[in-house]
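Encoded as structure tokens, the structure appears first; notes follow it.
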Amino acid sequence: APSAVNFQPWHFYVIREQEDLQEFHSAYHREWFRTAPCVIVICGDHVQSWKRKADGKDHSDIDVAIATDHMSLQATELGLGTCWICNFDADKTRELLRLPDFLEPVVILPVGYPLDKVNPDRHAEKRKPLSDFVSYGIPKE
């Protein structure tokens, strides 16, 4: 995946052992989550991330998002299912993985084989029309 200035400010924790998975379930309490045979915790590395000079903007979240999206797309290509999870207990995750302060857990990505085939257009009726979020040109006064 691309990253700002190709700094690749991420670290991936792959959790596959049943004992580790059971312990990790305490960071996200959803029954369906317990069925995933693999969980990847994607962390942003604030030491390695590029910061924009003009305002100090740290691009680790953006870079982690790009990497996560690439992993999700590749998993789908391989017939695997994923679910991007951000609503997890970050403090518990930090504690379980014994993360240093400069690593921030940003996304949990469970990976496994889906039980059912789903319609790829299942969210079509929930999509906003382009006119709600696309503008063209520079606005004139």
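Source: prediction; values computed, not measured.
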If you measure from [atom1] on [X] to [atom2] on [Y], what distance do you get to the nearest 0.5 Å?
X	Y	atom1	atom2	result
L109	I42	CG	CD1	4.5 Å
D20	L97	CG	CG	9.5 Å
L99	T93	CG	OG1	8.0 Å
L78	L73	CG	CG	11.0 Å
L80	C38	CG	SG	9.0 Å
T35	Y113	OG1	OH	14.5 Å

message: Per the salt bridge (charged side-chain N to carboxylate O under 4.0 Å, His left out) rule, what does the pair list look like for residues 54-80, sequence neighbours excluded?
response: R52-D55

query: side-chain hydrogen bond (donor to acceptor under 3.5 Å, both in side chains) with Q48: which residues, sequence neighbours excluded?
result: D45

message: Once side-chain hydrogen bond (donor to acceptor under 3.5 Å, both in side chains) is applied, do any residues pair with R34, and if so which ones, sequence neighbours excluded?
response: H25

task: Could you list the residues that satisfy salt bridge (charged side-chain N to carboxylate O under 4.0 Å, His left out) with E23, not counting sequence neighbours?
output: none

- request: Identify, with sequence neighbours excluded, every residue that meets salt bridge (charged side-chain N to carboxylate O under 4.0 Å, His left out) alongside D91.
  value: none

Same cluster for [X] and [Y] if Ile/Leu/Val/Met/Phe/Trp/Tyr side chains link at under 4.5 Å?
X	Y	value
I108	L103	yes
V64	F7	no
I40	W32	no

Scan the side chains in residues 124-134 for donor-acceptor partners under 3.5 Å anywhere in the protein, sequence neighbours excluded, and list what turns up.
none

message: Below 30° counts as parallel, above 60° as perpendicular, anything between as tilted: where do the rings of F33 and Y28 land?
response: perpendicular

- line: Those residues at least two apart in sequence (or on a different chain) that pass ring-ring contact (aromatic ring centres under 6.0 Å, His included) with H70 are none

With sequence neighbours excluded, residues passing side-chain contact (heavy atoms from CB on, under 4.5 Å) with K92: S26, A27, D89, E95, L96

- prompt: With sequence neighbours excluded, what pairs up with P114 under the side-chain contact (heavy atoms from CB on, under 4.5 Å) test?
  reply: none

Which heavy atom of [X] sits nearest a heavy atom of [Y], and at what distance?
X	Y	answer
C83	P110	O-CD, 3.0 Å
N87	R30	ND2-NH2, 3.6 Å
L21	I15	CD2-O, 3.5 Å
V106	F88	O-CE2, 3.5 Å
S60	H46	OG-CE1, 3.0 Å
R94	P105	NH2-CD, 3.5 Å

query: Just wondering, do F12 and M71 contact through their side chains at under 4.5 Å, heavy atoms?
result: yes

query: Who else is in the cluster with I138 when I, L, V, M, F, W and Y are joined by side-chain contacts under 4.5 Å?
result: none

query: Going by side-chain heavy atoms closer than 4.5 Å, which hydrophobic residues are tied to I62, directly or by a chain of links?
result: I66

message: Going by side-chain hydrogen bond (donor to acceptor under 3.5 Å, both in side chains), name the pairs with one or both residues in residues 3-17, residues two or more places apart or in two chains.
response: N6-Q8

